[in-house]
Amino acid sequence: MKITLKDGSVKEYAQPMSVYEIASDISEGLARVACAGEVNGNVVDLRTVIDGDASLNIVTANDAEGLKVIRHTASHVLAEAVKRLFPEAKVTIGPAIEDGFYYDFDAEPFSREDLDKLEDEMKKIIKEGHALTRFTLPRDEAVKFMEEKGEPFKVELIKDLPEDAEISFYDQGGFVDLCAGPHLMSTKGIKAFKLISSSMAYWRGDAEKARLQRIYGTAFNKKEELAAHLEKLEDAKRRDHNKLGREMELFTTVDVVGQGLPLFMPKGTKMIMKLQRWIEDLEDKEWGYVRTRTPLMAKSDLYKISGHWDHYKEGMFVLGDEEKDKEVFALRPMTCPFQYYVYKNSQKSYRDLPYRMSETSTLFRNEDSGEMHGLTRVRQFTITEAHNVIRPDQAEEEIRNCLHLTLYILKTLGLQDEVTFRLSKWDPNNREKYLGDEAYWETTQNALRQVLIEENLPFEEAEGEAAFYGPKIDTQAKNVYGKEDTMCTVQLDCAIAENFDMYYIDQNGDRIRPYIIHRTSLGCYERTLAWLIEKYAGKFPTWLCAEQVRVLPISEKYEEYAQKVKKELEANGVDVTVDARPEKIGFKIREARLARLPYMLIVGEQEEADGLVSVRSRFAGDEGQKPLTDFIAQICEEIRTKQIREEVTENTAKAAE
């Protein structure tokens, strides 16, 4: 048989050979670092035997798939360690994931001390250097095998496998786990690992099923790579909006109010107000939107017309019982059906389109408790929602305009490099979920795809992520832990106008169904604030800060001048406070730095005499004395242009102090 290697060279063998044997034949060094093989484009175990002509690439830890194999093997070592230290625990599943691995157990919650003990046990298992051997069993024997081991979750997994599935196991020195692989040849191949955390999870992601304990870990080929990753995780913890936002008193949550219902403190409220005023002025004065204000709830009749009652009822807060009450209401999960009646209030002609309706919309969605996190996924949220009613011939230009508005907003906020784009398509294998036929979806998806291509925006395509009425361009971003969420969206809907009998009068006097673009320009204010907290680690651009300047009088004698400075700044629209506490100036400066303020103005005898302020900033450290009028002009220009200034280094900041 002929084996074509990655470099194009060909090896010939007279008999079947395993991937590992071929790697050894190429080079003993290659065999030592091999993690898996890629045969004809498919990643396989090193133990896989090749018995015919094939292309082969030996996968190492330098490849993403190789690192995945290391992490998968580490998850099995973790499972063995848990069974050694907590024999009553039941094993479930333990896959490799993007940044590491996890394993779920039916067990009592694990403490940090437990994780430390498990790490020590894993080191012992790795040092023992057990070979991993693969074997298969017929279905009945496999079920019996796991039943005798007292592992009910594995039994369930085996029973759910297709009838023709090969049921394989891996044995590592007596610990056996159900697994398709691939795995390393020996536990000694795990060079650097760390158990990160533990949390609750549901069996198979179903809240109605068993509550499990999930242990997260990570593994790398080198200790240096692990150390770099752990430092990245520490930075993520420092930036985590759920922690930092509370420390900065931007928001809080209270059990008696409810999960997913954040309370915004004065500082966080002011930041959202600044964002909201900016977006509303931008849309209304520069992008041609009219503003609406619609109810927070409606009768079920409205949602039945739109189709949301059939598609989203389980995620809605329903007020009443259809079997008992004459009228049933629901808090709105979206604004579109309300705005359609604003459009319908008066007859529109082709000259009136596009008719762009925008609203700062507070919405309600009954998110699962396990999905909620800080501000990124909540049960009540406010979005920059709009519905643009257009003629069919205006679709391409209007989609492009909506995308341009989003890109402008992202650039202004300094977030343009943080996003990716996704074309969210329908799932043709789940047709009952969607309006329209295959031709409708191909046409609408192609329209969005063409705009993305022409705008030169790299994008991925995701099947099954479309709204039930049309495809979407979703702007995606990841939080500090790598979890991806949709931040903004542009959706093309050519179907739902029929449900509401929406039309416009064309040049010939005929009634024509319009298209509708559902879009958010900034997205959800709560999620955006979380994004900004993590992006800037709380050191926001000056225009967004709730407190932009703090005036620090050197002593009580200069408090009157400090108040005068404050009054002048406030008259120019600057958010400013005075720290008049009887504390030393060094203490006040440190407090202001910890509060991540853009500017401190220190005032004393000379400043008062000459109308000056001594400026210290996050951006340049000690900026020296300036006339108050000059500083006001400088900061007002910075705020007006929404400038994003580079931060001073830590060493410079300390020197300035």
Take Gln259 and Arg379 through the side-chain contact (heavy atoms from CB on, under 4.5 Å) test and state the conclusion after the steps. CA-CA 8 Å; Gln259 190 179 10; Arg379 284 176 168 156; 4.2 Å; yes
Could you walk me through whether His373 and Val378 pass the side-chain contact (heavy atoms from CB on, under 4.5 Å) check? CA-CA 7 Å; His373 172 69; Val378 291; over 6 Å; no
Counting C-beta onward and ignoring hydrogens, is there a side-chain heavy-atom pair between [X] and [Y] closer than 4.5 Å?
X	Y	answer
Leu275	Tyr525	yes
Trp531	Thr376	no
Ile158	Val143	yes

Looking at [Y] and [X], is any side-chain nitrogen of the basic one under 4.0 Å from a carboxylate oxygen of the acidic one?
X	Y	result
Lys11	Asp25	yes
Glu647	Arg618	yes
Arg47	Glu21	no
Asp106	Arg211	no
Lys194	Glu231	no
Lys124	Asp120	no
Glu247	Lys243	yes
Glu156	Lys159	no
Lys535	Glu418	yes
Glu128	Arg84	yes

Would Arg239 count as a cation-pi partner of Tyr536, with NZ or CZ less than 6.0 Å from the six-membered ring centre and within 45° of the ring normal? no
Does Tyr102 have Arg214 sitting over its ring (NZ/CZ under 6.0 Å from centre, angle to axis within 45°)? yes
Can you tell me how far apart CG (Asp104) and NZ (Lys90) are? Round to the nearest 0.5 Å. 16.0 Å
Glu80 side, atom CD; Ile125 side, atom CD1 - distance, nearest 0.5 Å: 4.0 Å
Can you sort out the partners of [X] under side chain to side chain donor-acceptor pair (under 3.5 Å), two or more places apart, ordered by chain and number?
X	result
Glu28	none
Tyr481	Asp240
Glu461	Lys425, Arg449
Asp160	Arg204

Report yes or no: do [X] and [Y] form a side-chain donor-acceptor pair below 3.5 Å?
X	Y	value
Thr187	His130	no
Thr133	Asp171	no
Ser198	Arg112	no

Between Phe110 and Phe86, is the ring centroid distance below 6.0 Å? yes
What closest approach, in Å, do [X] and [Y] show between heavy atoms, and which atom pair accounts for it?
X	Y	result
Ala54	Asn40	CA-OD1, 3.5 Å
Ala79	Phe175	CB-CZ, 3.6 Å
Ala165	Leu161	CB-CB, 4.1 Å
Pro333	Met316	CG-CG, 3.8 Å
Gly94	Ser75	O-OG, 2.7 Å
Gly523	Cys488	N-SG, 4.3 Å

Any pair counted as salt bridge (charged side-chain N to carboxylate O under 4.0 Å, His left out), so long as it reaches residues 49-63, sequence neighbours left out: none
Could you walk me through whether Asp45 and Thr48 satisfy the side-chain hydrogen bond (donor to acceptor under 3.5 Å, both in side chains) test, starting with their C-alpha distance in whole Å, then the side-chain angles of each, then the deciding distance to 0.1 Å, before giving a yes or no? CA-CA 5 Å; Asp45 198 282; Thr48 300; 5.3 Å; no
Could you please spell out the steps behind the side-chain contact (heavy atoms from CB on, under 4.5 Å) verdict for Arg422 and Thr475? CA-CA 6 Å; Arg422 183 180 76 188; Thr475 306; over 6 Å; no
Backbone N/O of [Y] and side chain of [X]: donor-acceptor pair under 3.5 Å:
X	Y	value
Ser361	Leu363	no
Ser168	Cys179	yes
Thr520	Leu522	no

Tell me if the [atom1] atom of [X] is crowded by more than 12 foreign heavy atoms within 6.0 Å.
X	atom1	value
Glu432	CD	yes
Lys144	NZ	no
Glu460	CD	no
Gln15	CD	yes
Asp255	CG	no

Any idea how [X] and [Y] line up, ring-wise: parallel (<30°), tilted (30 to 60°), or perpendicular (>60°)?
X	Y	result
His311	Phe468	parallel
Phe169	Phe135	parallel
Phe105	Tyr103	parallel

Walk me through it: do Glu108 and Gln213 pass the test side-chain hydrogen bond (donor to acceptor under 3.5 Å, both in side chains)? CA-CA 7 Å; Glu108 293 298 314; Gln213 301 304 317; over 6 Å; no
Show the numbers, then the answer: is there a side-chain hydrogen bond (donor to acceptor under 3.5 Å, both in side chains) between Thr486 and Gln476? CA-CA 5 Å; Thr486 299; Gln476 303 292 108; 2.6 Å; yes
Working for side-chain hydrogen bond (donor to acceptor under 3.5 Å, both in side chains), residues Ser55 and Thr4: CA-CA 5 Å; Ser55 63; Thr4 304; over 6 Å; no
Decide side-chain contact (heavy atoms from CB on, under 4.5 Å) for Leu263 and Phe251; before the verdict, give the C-alpha distance in whole Å, the side-chain angles of both, and the deciding distance to 0.1 Å. CA-CA 6 Å; Leu263 304 175; Phe251 74 95; over 6 Å; no
Just one of Arg71, Lys68, Lys478 clears the salt bridge (charged side-chain N to carboxylate O under 4.0 Å, His left out) bar with Glu98, so which one? Lys478
List for me each residue that meets side chain to side chain contact (heavy atoms under 4.5 Å, CB included) alongside Asp99, sequence neighbours excluded, and say none if there are none. His229
